[in-house]
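Beneath this line is the structure, given in C-alpha cells, with notes to follow.
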Amino acid sequence: MGAKSAARPPPNNSNKNKPTQTQAAARPPKPLEFAPRARKPAPRPARAAAAAPPPPPPPNAATTLSRARRIPLYAALGVASATGLYVAFLAHSLLRPYEPAYAVPADVADRYDSNAVRFDADVDSMERKTGIVRLRRQLAARARGDVLEASAGTGRNSAFYDGGKVRRLVLLDRSGAMLAEARRKWLEIKREGGRAARVRDVEFRAASALDRIPGPGGDAAARFDTVVQTMGLCSTHEPELLLRRLGDAVKDDGRIFLLEHGRGWYGWLNGWLDRSAPGHADAHGCWWNKDVGAIVERSGLEVVEISRPWYHLGTTWWVELKRASEAETPHTRNRLRFSTLLALLPQR
C-alpha cells in the first residue's frame with residue numbers, strides 16, 4: 001500500500017491555468033502587433049461609371065455653331081457661289097465670244113422659233129444657280145387680279161403664280177413655238193396641282209406685244225390689273241414702244257413688273273457686253289447690252305421701284321412701273337428721273 005502510493009506520479013496542475021470556453025468567449029481579443037490596411041469599397045455609382053465606356057471626343061467647331069450662326073453662314077456661301085457662277089458664265093461668254101460673219105439685225109425674236117424645244121434645257125441650270133429663278137418667283141408672287149404676261153416664252157413663270165390672288169392669266173408671245181411649250185408646261189402644272197393650278201382661266205395668245213393688246217377676254221376696252229414681263233426688252237428692236245404698249249394695257253391703279261438684263265455698273269463689264277452682244281443675240285435672240293434705265297426713262301411710264309442685285313454686278317434689273325399720272329408736275333417728273341438714276345449706282 002505504501003509502495004503504490006510512492007509510485008504514483010505527481011498531479012498535473014497545468015490545466016488549472018487554462019480558461020474554459022465560456023471564459024475565452026467573454027475575454028476581448030488580443031490586439032494584433034500590426035493593423036492591415038483595409039480598402040474602402042467603392043460606391044455603386046462609381047462602379048457603374050468605371051464600367052461605362054469612355055466619353056466621346058469633343059465636337060469640332062462646325063458642329064458647335066448655333067443655328068442662328070449657321071443660317072447667315074450658309075446664306076453667305078450661297079450668295080458667293082451664285083456670284084461666282086454668274087461671273088464664270090460671263091467670263092466664258094465674254095472671253096470667248098461667238099462672232100458671226102454677218103451683220104446681226106436689231107430684231108432677233110425669230111431665233112426663239114428654232115430654240116423653243118431646247119430653250120428650257122439651255123437656261124434652266126444657270127438660272128437656278130445664279131438666282132434668276134428666285135427672282136422670277138418673287139416677281140410672279142406680286143401679280144394679282146387679271147394678269148397679262150408679255151413675252152411669256154415657254155412659260156417659265158407659270159408655276160409661280162398664286163391662284164388665290166390671280167383670277168385670270170393671259171400668256172402672250174409672238175413665237176408660236178415658244179407658246180406651244182408654255183401650253184404643254186401648263187398642262188403639267190394642272191396635273192401636279194399646287195397654288196398656280198388654282199388659276200381659273202388661262203389664255204394663250206400668239207401675238208406681238210408691239211401691237212395694241214386687248215384686255216381680258218379679248219375686250220379692247222378692258223385693262224389688266226397686273227402686267228408681267230421677264231427678259232423681253234432684250235429681244236425687241238423697239239423696247240420703248242413695247243413698254244408703252246404695256247402701259248396702255250394696265251389699269252390706272254395697276255402695276256407693271258419687269259425682270260430684265262442689260263448694262264451693268266462697270267465700264268469694263270459693259271465693254272465686254274458690247275463686244276460679245278452680236279454673237280449672243282444671233283445665238284440666243286437677246287441683245288444683253290441694252291441700257292434698261294434709259295429705256296424706262298424714255299417710255300413715259302412712272303417709276304415705282306428699280307433695284308439691281310449687287311451679285312449680278314448690276315446687269316439684272318427689277319423694275320416696277322405704273323401709268324403716268326395725269327397730274328404729274330415737273331417736280332414729280334424730276335423726282336422719278338432721280339430715282340431712275342439712283343438705280344444706276346451699285347447697291348449693297
Review point. Does a donor on one side chain sit under 3.5 Å from an acceptor on the other, for R156 and T230?
Key: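 Checked: R156/T230 side chains show no N/O donor-acceptor pair below 3.5 Å.
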Practice item. Check each of D211, D107, D113 against R174 using the salt bridge (Lys or Arg N to Asp or Glu O under 4.0 Å) test, and report the only one that passes. Key: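 Only one option passes, and that is D107.
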Which heavy atom of [X] sits nearest a heavy atom of [Y], and at what distance?
X    : Y    : answer
I132 : M231 : CG2-CE, 4.2 Å
A152 : D173 : N-OD2, 3.4 Å
F204 : W186 : CZ-CB, 3.8 Å
G300 : A324 : O-CB, 3.4 Å
N157 : E149 : ND2-OE2, 2.9 Å
V228 : V147 : CG2-CG1, 4.4 Å

Short question: side chain of [X], backbone of [Y] - any donor-acceptor pair under 3.5 Å?
X    : Y    : answer
K290 : S235 : no
W287 : A277 : no
R323 : G247 : yes
K190 : A197 : yes

If you measure from [atom1] on [X] to [atom2] on [Y], what distance do you get to the nearest 0.5 Å?
X    : Y    : atom1 : atom2 : value
T226 : R167 : OG1   : CZ    : 9.5 Å
K322 : L301 : NZ    : CG    : 11.5 Å
E181 : K185 : CD    : NZ    : 7.5 Å
H284 : R111 : NE2   : CZ    : 11.5 Å
L172 : S151 : CG    : OG    : 7.5 Å
T315 : W265 : OG1   : CH2   : 8.5 Å

Should [X] and [Y] be counted in the same cluster of Ile, Leu, Val, Met, Phe, Trp and Tyr side chains packed under 4.5 Å apart?
X    : Y    : answer
I213 : L233 : yes
F119 : L179 : no
L243 : F224 : yes
V202 : M178 : no
V133 : L259 : no

Exercise for review: Indicate yes or no: at least one non-hydrogen side-chain atom of L139 is less than 4.5 angstrom from one of F160.
Suggested key: no
**Study point:** Residue pair R134 / Q138, side-chain heavy-atom distance below 4.5 Å
**Key:** yes
Presence of salt bridge, [Y] and [X], under 4.0 angstrom:
X    : Y    : result
R223 : D146 : no
D162 : R144 : no
R255 : E320 : yes
E240 : R244 : no

Check your understanding: Heavy-atom count around R184 CZ within 6.0 Å, excluding the residue itself: above 12?
Key -> yes
Practice item. May I have the step-by-step check of side-chain contact (heavy atoms from CB on, under 4.5 Å) for D291 and E297, ending in yes or no? Key: CA-CA 10 Å; D291 190 338; E297 184 69 29; over 6 Å; no
Practice item. Describe, in one word, how the ring planes of Y266 and W268 are oriented to each other, choosing from parallel (under 30°), tilted (30 to 60°) and perpendicular (over 60°). Key: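 Ring orientation of Y266 relative to W268: parallel.
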Exercise for review: Mind telling me whether H280 and W288 have parallel, tilted or perpendicular rings, with 30° and 60° as the class edges?
Suggested key: parallel
Point to revise | Stepwise side-chain contact (heavy atoms from CB on, under 4.5 Å) test for V319 and E260 | key: CA-CA 8 Å; V319 183; E260 304 287 346; 5.8 Å; no
Review point. Run the salt bridge (Lys or Arg N to Asp or Glu O under 4.0 Å) check on R136 and E127 step by step: do they pass?
Key: CA-CA 10 Å; R136 287 179 180 273; E127 283 200 352; 3.1 Å; yes
Check your understanding: Which of these, L321, I256, L241, sits in a side-chain contact (heavy atoms from CB on, under 4.5 Å) with L246?
Key ->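 That would be I256; it is the only one of L321, I256, L241 passing the side-chain contact (heavy atoms from CB on, under 4.5 Å) with L246.
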